[in-house]
Number of protein chains: 2
Amino acid sequence: MKLSTRTRYAMRAVLELAENFGKGPLQTRVIAKNQDISVKYLEQIMAALKSAGLIRSQRGAKGGYILANPPEKIKLSDVFDVFEGPVVTVECVANDKYCNRSGNCVARQIWAEIQRVVRNVLQATTLKDVIEKAKDNKSDYQI
Amino acid sequence: MKLSTRTRYAMRAVLELAENFGKGPLQTRVIAKNQDISVKYLEQIMAALKSAGLIRSQRGAKGGYILANPPEKIKLSDVFDVFEGPVVTVECVANDKYCNRSGNCVARQIWAEIQRVVRNVLQATTLKDVIEKAKDNKSDYQI
DNA sequence: CATTATTCCTACTGCACTGGTAGTATATTA
DNA sequence: TAATATACTACCAGTGCAGTAGGAATAATG
């Protein structure tokens with residue numbers, strides 16, 4: 001139950017785009033430097049975020065990436081799901097056909113409950129919520 | 001963020017031991033059959049649960065495993081932690097020395113919040129809670 | 001038009017972990 | 001001594017993670 005670096009980097013990159021929202025495209029190179037991530041690795045992550053529809057790209061000089069929607073319209077779950085997928089715990093929680101005893105399975109209920117509370121947090125928070133909080137605390141977006 | 005089969009199997013095995021608590025040792029072979037798990041694989045899982053102190057073994061004929069403590073004394077987090085570890089999301093949440101910006105990091109606060117709600121569920125529930133619920137619902141312990 | 005800056009695309013790699021299988025040793029009971 | 005358990009160790013194939021690398025396509029600029 002650990003997060004991949006992909007997800008962590010993606011979250012930080014998207015938070016940085018959110019902070020920069022409305023100020024034109026931001027380059028992978030810049031984000032990579034600020035977040036101390038390999039440029040080439042981040043490129044792949046950005047590509048995935050783009051094909052998920054979370055961000056838009058502008059090619060060529062002075063290009064870069066921008067959020068596809070304003071920060072208040074993007075939930076943390078949107079970012080999370082790109083690499084971690086919608087299933088947080090076990091397959092059978094999302095798909096009750098996965099196991100024929102799903103209907104009255106207690107173990108499944110444990111994992112379903114955990115999945116529920118996790119998604120609660122992710123869906124209740126937007127990028128804007130996070131950056132507002134950051135401004136209050138003078139925090140940054142590491143990890 | 002998926003659970004390993006180890007954790008899922010361990011949870012089911014321990015729940016079965018909890019149901020059987022006070023009735024003498026239960027054999028890997030029996031649990032494996034009931035839960036439809038490979039005997040040899042389950043053996044390794046039981047060994048890990050034993051060295052974590054959750055269960056006790058009796059070797060030889062008529063041997064098997066029993067819970068080291070009564071079901072109301074064992075929390076789901078005890079079982080969970082054997083294979084998933086106490087860290088649910090990222091290292092820096094448990095160890096703030098892991099990253100030098102931990103102190104005021106917003107991304108970290110996201111993962112910390114998720115970790116918190118997950119551990120809340122796992123620590124608030126005992127094996128007894130689960131099997132009581134199972135009796136009410138006539139559920140079983142699959143998945 | 002050439003240069004430069006940027007995304008885009010694809011391939012490759014080393015490593016750790018997962019999900020097992022297998023064989024044998026050791027202890028206990030009958 | 002025979003049967004039944006756990007205990008211990010080794011092994012293996014597949015998958016995903018966390019990158020590295022190189023070059024092609026595209027767009028702005030001088």
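Naming: A, B, ... by sequence-line order, numbering from 1 per chain. Since the structure is predicted, the reported quantities are computational estimates derived from the model, not experimental observations.
If you take CZ on A/Phe21 and CG on A/Leu26, they are separated by 13.0 Å, rounding to the nearest 0.5 Å. From A/Arg108, atom CZ reaches atom CE of B/Met11 across 15.5 Å, with rounding to the nearest 0.5 Å. A distance of 10.0 Å separates CD1 of B/Ile45 from CZ of B/Arg8, quoted to the nearest 0.5 Å. We find the OG1-CG distance between B/Thr7 and B/Leu76 to be 12.0 Å, quoted to the nearest 0.5 Å. One distance of note links CG of A/Leu127 with CG of A/Leu15; it measures 5.5 Å at 0.5 Å rounding. How far CD1 of A/Ile74 is from CG of A/Asp129: 12.0 Å, rounded to the nearest 0.5 Å.
Closest approach of B/Val82 to B/Ala48, counting heavy atoms only: CG1-O, 4.1 Å. Between A/Pro71 and A/Ala18 the shortest heavy-atom distance is CG-O, 3.8 Å.
Per the geometry, CD belonging to B/Glu84 stands 11 Å off C1' belonging to C/dT18, to the nearest Å. One can place CZ of B/Arg6 at 12 Å from C1' of C/dA16, the figure rounded to the nearest angstrom. Summarising the geometry, the separation between CZ on A/Phe83 and C1' on D/dA18 is reported as 12 Å, rounded to the nearest angstrom. Straight-line distance from the CD1 atom of B/Ile45 to the C1' atom of D/dC8: 16 Å, rounded to whole Å. Taking atom CG of residue B/Leu42 and atom P of nucleotide D/dA5, one finds them 14 Å apart after rounding to whole Å. Straight-line distance from the OH atom of A/Tyr9 to the C1' atom of D/dG19: 9 Å, rounded to whole Å. Spacing between atom CG of A/Leu17 and atom C1' of C/dT7 amounts to 14 Å, rounded to whole angstrom units. Rounded to an integer number of Å, the gap from CE of A/Met46 to P of C/dC9 is 15 Å.
Checking side-chain atoms of A/Thr125 against main-chain N and O of A/Leu122 turns up no donor-acceptor pair under 3.5 Å. Formation of a donor-acceptor pair under 3.5 Å by the B/Asn34 side chain with backbone atoms of B/Ile31 is not found in this model.
Axis angle across the helix from C/dC1-D/dG30 to C/dA30-D/dT1, with five pairs used at each end and values rounded to 10°: 10°.
Listed by first and then second residue, the side chain to side chain donor-acceptor pair (under 3.5 Å) pairs that reach into residues 57-66 of chain B are B/Lys50-B/Ser57, sequence neighbours excluded. Among residues at least two apart or in separate chains, salt bridge (Lys or Arg N to Asp or Glu O under 4.0 Å) pairs with a member in residues 63-92 of chain A are A/Asp81-A/Arg119, A/Glu91-B/Lys2.
Taking only side-chain nitrogens and oxygens, A/Lys50 comes nearer than 4.0 Å to OP1 or OP2 of C/dC8.
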Polar atom pairs (N or O), protein with nucleotides 27-30 of chain D, under 3.5 Å:
from, atom 1, to, atom 2, distance (Å)
D/dA28, OP1, A/Gln58, NE2, 3.3

Polar atoms only, N or O, under 3.5 Å: list the protein pairs with nucleotides 21-24 of chain C and their distances.
from, atom 1, to, atom 2, distance (Å)
C/dT21, OP2, B/Ser38, OG, 2.8
C/dT21, O4, B/Gln44, NE2, 2.3
C/dG23, O6, B/Lys40, NZ, 2.8

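For the contact set between residues 26-33 of chain A and DNA chain C, defined by any heavy atom under 4.0 Å, the members are A/Gln27, A/Thr28, A/Arg29.
A donor-acceptor contact closer than 3.5 angstrom links the side chains of B/Gln115 and B/Thr89.
In this structure, A/Val121 is a member of the same hydrophobic cluster as A/Val117, with clusters built from ILVMFWY side-chain heavy atoms closer than 4.5 Å.
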